[in-house]
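Here the structure comes first, spelled out in structure tokens, and everything after it is commentary.
Throughout, protein chains are lettered first and strands after them, A, B, ... in sequence-line order, and every chain is numbered starting at 1.
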2 protein chains.
Amino acid sequence: MTKLHILISEKLRRQILNGTYQPGEQLPSERQLMESFEVSRITIRRAISNLVNQGLVESQQGKGVFINHRQKVTYSLSSPLIFLEQDMQRQGIDFVSRNLVFEEILAPKDVKVALNLSPEEPSVYLQKKLFLINNDPGGIDVTYIVPDLGKTYAQELQQKMTFPFLEKQGIRIERLDSVLECTYADREMSEYLEVNLGHPLLVFRYTAFTAENRPILQGESLSRGDRFCYSLSISRDRPPV
Amino acid sequence: MTKLHILISEKLRRQILNGTYQPGEQLPSERQLMESFEVSRITIRRAISNLVNQGLVESQQGKGVFINHRQKVTYSLSSPLIFLEQDMQRQGIDFVSRNLVFEEILAPKDVKVALNLSPEEPSVYLQKKLFLINNDPGGIDVTYIVPDLGKTYAQELQQKMTFPFLEKQGIRIERLDSVLECTYADREMSEYLEVNLGHPLLVFRYTAFTAENRPILQGESLSRGDRFCYSLSISRDRPPV
DNA sequence: TTCGCTTACTTGTTATAACAAGTTGTTTTA
DNA sequence: TAAAACAACTTGTTATAACAAGTAAGCGAA
């Protein structure tokens, strides 16, 4: 009546949540589970796939299925990402960013609009960065940078964190207009982040403005939905100072 | 040597994204796809499952597999949720909330801490609400309400939107401390929201404070990750007015 | 001792098969 | 005519089977 694979994955789920299986531990092998539940391999694999989809376990070919640690890394959005490195340090996390792409390209139409580019400057700088958390790929940043900044700071932007670096140059980002949502890893993302096709990702999409209300960056930060979260504090509007 | 199910789902994915298959349209049936790709049913089903996991299609038993609409409903976090109804109206969305549970319970420990309850008032009001978007379940709100408010406004809270109602009563929420993250539908959620086990959900978790810095609500809003997003504007810290 | 092979485990992919269950339209029956 | 039964489709669940591929440990040869 109720499906076998659901009965099994629910039972395993309870055992994981109540600590019968601890994070890092290995689940019994498919063969063992087949015997103890007296079902076929396809059913066991379906049950395990349910657990994977719920983010409770991860499987590694040739090794086994392992219970996940369920602690997330927090991005703080209270001030616009200037203190990202400090935040990570505070959480005791080894946060490394690796430059993948940095090139001048013809601006896509939506970027042109968002960055308010004139027809005479049809190019932007595109940067892609990979974030490693404790040596594990955790996310990807795709940023479009206004041409004058991209050209001036081409070297430094490839080595340093964007927001703190710009701040040090006296380029103060006053406001981020942003959207947070969920997507799914496509082929490219699943290869970069070493996750399954369709793995849930958190997307932080933003446009960054200076005090003069000039848009200078448009970015998209995609990170593993099972490993990251965003914290923010929302206050009632106050009249301008 | 790349896997068959990935080759197939990638091909279908391209066709969906380039408009060969339009949202609302039906994919060819498993039998037809088996024939045209000359693979077994298990491979076709795996390929379709990839598309489901990428949020591109949805399957209905007995009917077929249909291409999803990929437009999301936006929750605006610019001011703390007072204008939710107006926001939805502006997006042309039929937003209905249905009370599921409203009861006085013994406060769980973490809620007790978050709401700063004294040992003499060990109870809180627990409310669960289901949100329907255009008559489709879209999310669930779980809210813990400080006992005095819960008792005083028991009737109204079950009928009206929490934030606008409190505002009208002169209870002004000044600040929300919140976290946005991704989870996965467990059994209960998948039944409420009519989605698969493990379906990605967006979680908005918050504590609401009055101007006197008193926490009065703790809530958790879980909504379908494929249907919702949150927008926010982040400004640089300004000195208090 | 160390390198490389074999072996025995693990999970991953794919095929074939049978039946369950939901949907829809047609046909039969009361 | 209207309700019930049926047929022909759809996707969903489960079983059996074979082989691929990754891991790890042991064993033997250089």
Quiz: residues 131-141 of chain B side-chain donor-acceptor pairs under 3.5 angstrom, not counting sequence neighbours:
residue	atom	partner	partner atom	Å
Asn134(B)	OD1	Asp94(B)	N	3.0
Asp136(B)	OD2	Arg227(B)	NH1	3.0
Asp141(B)	OD1	Ser221(B)	OG	2.8

Could you note down all residue pairs passing side chain to side chain donor-acceptor pair (under 3.5 Å) where [range] supplies at least one of them, sequence neighbours left out?
range                       : value
residues 189-203 of chain B : His199(B)-Asp226(B)
residues 23-32 of chain A   : Ser29(A)-Gln32(A), Glu30(A)-Arg41(A), Glu30(A)-Arg45(A)
residues 14-24 of chain A   : Asn18(A)-Thr20(A)

Show every donor-acceptor pair shorter than 3.5 Å between a side-chain atom in residues 6-13 of chain A and any protein atom, with sequence neighbours excluded, or say none if there are none.
residue	atom	partner	partner atom	Å
Ser9(A)	OG	His5(A)	O	3.1
Ser9(A)	OG	Ile6(A)	O	3.3
Ser9(A)	OG	Asn50(A)	ND2	3.2
Arg13(A)	NE	Gln54(A)	OE1	3.1

With B for base contact, S for sugar-phosphate-only contact and - for none (protein heavy atoms under 4.0 Å), nucleotides 8-20 of chain C reads --BBBBSBB-B--
Inspect the contact between Glu58(A) and Lys63(A) and indicate whether a charged nitrogen and a carboxylate oxygen are less than 4.0 angstrom apart.
no
Under a 4.0 Å heavy-atom cutoff, the residues of residues 7-16 of chain A touching DNA chain D are none
Residues at least two apart in sequence or cross-chain that pass ring-ring contact (aromatic ring centres under 6.0 Å, His included) with Tyr144(A), listed by chain then number, are none
Contacts of Phe37(B) meeting ring-ring contact (aromatic ring centres under 6.0 Å, His included) (sequence neighbours excluded), chain-then-number -> none
For Glu38(A), the salt bridge (Lys or Arg N to Asp or Glu O under 4.0 Å) test, sequence neighbours excluded, returns none
Enumerate the protein-to-nucleotides 3-6 of chain C contacts in which both atoms are nitrogen or oxygen and the separation is below 3.5 Å.
none

Listed pairs under 3.5 Å, donor-acceptor, residues 153-163 of chain A side chains, sequence neighbours left out:
residue	atom	partner	partner atom	Å
Gln158(A)	NE2	Ala154(A)	O	3.2
Thr162(A)	OG1	Lys129(A)	NZ	2.7

